[in-house]
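The sequence lines fix the lettering, A, B, ..., with proteins before strands; numbering per chain opens at 1.
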Number of protein chains: 2
Amino acid sequence: MPVPTIEWKDNRLRVIDQTLLPHKLKFVDCDSAKMVWGVIKNMRTRGAPALGVAAAFGVYLGVRRSKKSIFRDLDRTIQYLSSSRPTARNLFWSLERMKKTAYAHRGKPVQRIKSVLLEEAKRILEEDRAVCRKIGMLGSRLIGDNDNILTHCNAGGLATGDYGTALGVLFAAHSQGKRIKVYVDETRPLLQGSRLTAWELLREKIDTVLICDNMAASLMAAGKIDKIVVGADRIAKNGDTANKIGTYNLALLAHYHKIPFYVAAPLSTIDVNMKSGEGIPIENRQPDEVRKIGNVYIAPKKVDVFNPAFDVTPNKFVTAFITEAGILRKPFTASIKKAFSI
Amino acid sequence: MPVPTIEWKDNRLRVIDQTLLPHKLKFVDCDSAKMVWGVIKNMRTRGAPALGVAAAFGVYLGVRRSKKSIFRDLDRTIQYLSSSRPTARNLFWSLERMKKTAYAHRGKPVQRIKSVLLEEAKRILEEDRAVCRKIGMLGSRLIGDNDNILTHCNAGGLATGDYGTALGVLFAAHSQGKRIKVYVDETRPLLQGSRLTAWELLREKIDTVLICDNMAASLMAAGKIDKIVVGADRIAKNGDTANKIGTYNLALLAHYHKIPFYVAAPLSTIDVNMKSGEGIPIENRQPDEVRKIGNVYIAPKKVDVFNPAFDVTPNKFVTAFITEAGILRKPFTASIKKAFSI
């Protein structure tokens with residue numbers, strides 16, 4: 001059973017409160033754009049594709065009581081939701097798509113525009129689910145029997161409509177009967193690996209080994225990692241990839257140890273207006289995420305902290321991108337361009 | 001004021017309970033070899049040089065009530081203490097030294113042997129303090145004004161008699177008026193960086209920035225790290241270095257980013273009987289250290305875990321060793337040999 005990360009239910013957006021996993025499976029029902037902004041900001045829902053879906057419903061929630069002012073409300077809501085988190089491309093992709101949809105119906109009755117927006121948000125969710133399954137199916141061809149695979153953060157059902165990108169690849173390989181072992185980086189500071197990825201993999205009865213982020217190099221040196229598969233938050237058109245902090249570290253280690261490094265992501269994560277990784281905005285989050293774990297301080301309360309949520313992996317360290325349009329190989333500028341023209 | 005990590009007081013070995021830092025500064029008084037074994041095993045006291053000191057007093061405590069059986073008790077105590085933790089060279093170095101000292105007095109009255117052993121343990125402590133200051137002084141020459149330095153785990157006063165090895169270098173540079181900024185890896189799973197190193201550096205009013213282990217690569221790519229200084233648990237005679245898990249990761253990243261990577265350690269950390277890093281025994285610790293932080297589970301309780309306490313950095317990634325006998329450069333087999341012959 002896939003994880004019901006995000007659903008439209010009883011005229012509300014229902015998301016899993018991912019900050020409570022793996023101990024509690026609890027849902028939050030959002031009935032306003034403000035609530036959607038909050039669950040994104042506080043990372044109750046997270047993962048680039050899931051943010052795209054949540055933002056789409058957020059746009060609808062922001063205008064569903066509008067009358068004449070619907071386009072002004074729409075612009076404000078989009079502006080507002082785009083201030084929630086800066087890095088994930090899918091969030092902006094989704095907001096742009098909702099805006100375009102609304103403007104394509106300019107002049108139509110307000111009720112019609114609202115229902116078009118709700119339908120579009122539902123379509124974004126459904127498409128994401130289908131895209132993840134396609135990514136899983138295509139990517140599973142890269143996974144061999146008895147492979148030991150390392151993943152970072154959570155690019156699973158919890159990061160998407162369901163099923164996942166990087167984990168989708170692993171779920172598909174597992175369902176084909178391939179015996180895989182998955183090493184999971186715990187992914188400090190917010191522990192998406194230990195809290196979310198380990199939880200998802202165990203639900204599917206996949207052989208899972210949790211490690212601290214600093215143990216990956218040691219495993220690679222011992223020849224215990226055959227492949228690395230991660231997700232992405234934003235991919236520039238040359239293939240430079242922003243993903244959860246620690247991804248660049250892994251990619252460099254993989255390069256040195258000659259381990260294939262795959263990035264699984266939908267085309268909606270690719271920012272074709274972004275020339276290279278240098279331009280990708282990197283979110284810095286609050287110091288207490290590093291000083292504390294849960295509610296407990298693990299460091300002196302006043303120590304300065306550097307807490308970037310993402311890093312950028314230069315394209316040369318990526319072996320291939322696994323997308324719904326196929327496996328994209330080097331040179332990425334060409335393969336990405338081609339994927340978008342299909 | 002240096003941290004009173006380890007002292008001989010009222011006929012007991014007093015150590016700081018480092019598992020309670022930075023929140024509580026509490027001491028444990030050990031009056032038996034068994035208690036010393038326990039504080040080492042449970043990492044209430046840790047750090048290779050400090051383990052050497054603790055083990056020396058542990059030997060004395062193991063025989064101080066002995067009568068005729070003192071040598072049998074000595075051998076048993078040494079055997080027992082050597083089973084506490086396998087990796088740190090200093091522990092075994094110290095046990096061997098205590099044994100040699102005792103056997104050199106074979107035939108002498110039991111009381112005399114006991115007092116010789118106590119004196120030897122005190123000497124090991126005093127020597128360690130002096131050696132750390134020498135390492136600090138010599139190593140500080142490698143540190144420039146305005147340097148940004150990264151360190152991992154804790155190689156400070158808490159890991160030694162006092163003052164520290166890697167942190168001794170930074171304390172010395174700071175006391176010379178050099179303006180340094182120190183980035184501290186939190187060092188999962190036991191967080192010696194956030195709990196101990198940040199605490200020590202802040203006590204000395206050194207500009208300190210705490211990061212998660214997976215953020216170091218990102219800082220290096222941004223040109224924000226000028227030097228890396230770490231301690232060591234065991235150094236083979238070719239310079240391969242076992243140190244806290246994550247050190248190899250950093251060394252490889254430093255190599256790629258062309259950042260000098262220094263290992264500060266006393267000669268007692270060098271195992272001249274160990275040809276290369278391959279032979280160094282690596283301790284695997286219990287899974288709950290990774291599944292939990294403090295008393296709180298942060299992962300599914302039943303997930304498998306890989307939890308090596310150390311990794312081995314190949315000698316080629318080390319720029320130089322900072323020892324009390326000077327800065328040792330490549331080729332290390334020669335420079336280490338020379339250092340031991342002085």
What residue among A:V305, A:D311, A:D213, A:V290 forms side-chain contact (heavy atoms from CB on, under 4.5 Å) with B:M215?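 In the set A:V305, A:D311, A:D213, A:V290, the residue that makes a side-chain contact (heavy atoms from CB on, under 4.5 Å) with B:M215 is A:V290.
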
Heavy atoms of other groups near [X] [atom1], more than 12 under 6.0 Å:
X      : atom1 : answer
A:K178 : NZ    : yes
A:K224 : NZ    : no
B:K301 : NZ    : no
A:K292 : NZ    : yes
A:N295 : CG    : no
A:H255 : NE2   : no
A:K26  : NZ    : no

So which atom in B:P300 and which in A:P22 form the shortest heavy-atom distance, rounded to 0.1 Å?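 Closest approach of B:P300 to A:P22: N-CG, 3.9 Å.
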
So, for A:S218 and B:Y248, which heavy atoms are closest and what is the spacing to 0.1 Å?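 In terms of heavy atoms, the two residues are closest at N-CD2, 4.2 Å.
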
Under 4.5 Å from a heavy atom of chain B, the part of [X] involved:
X      : value
A:I298 : both
A:F306 : both
A:I245 : both

Residue [X] versus chain A: region with a heavy atom under 4.5 Å:
X      : result
B:L202 : side chain
B:I293 : side chain
B:D207 : side chain
B:H23  : side chain

How long is the span from the CG atom in B:L252 to the CG atom in A:L253, to the nearest 0.5 Å?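 Rounded to the nearest 0.5 Å, the CG-CG separation comes to 6.0 Å.
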
Distance, nearest 0.5 Å, that separates OH of B:Y183 from CG of A:D304: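 Separation between the atoms: 9.5 Å.
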
Partner chain A: residue of B:G246, B:P189, B:S194 with the largest heavy-atom pair count (under 4.5 Å):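 The answer is B:S194.
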
Give a yes or no on whether the backbone of B:R188 and the side-chain of A:N214 come within a donor-acceptor separation of less than 3.5 Å.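 Looks like yes, one N/O pair under 3.5 Å.
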
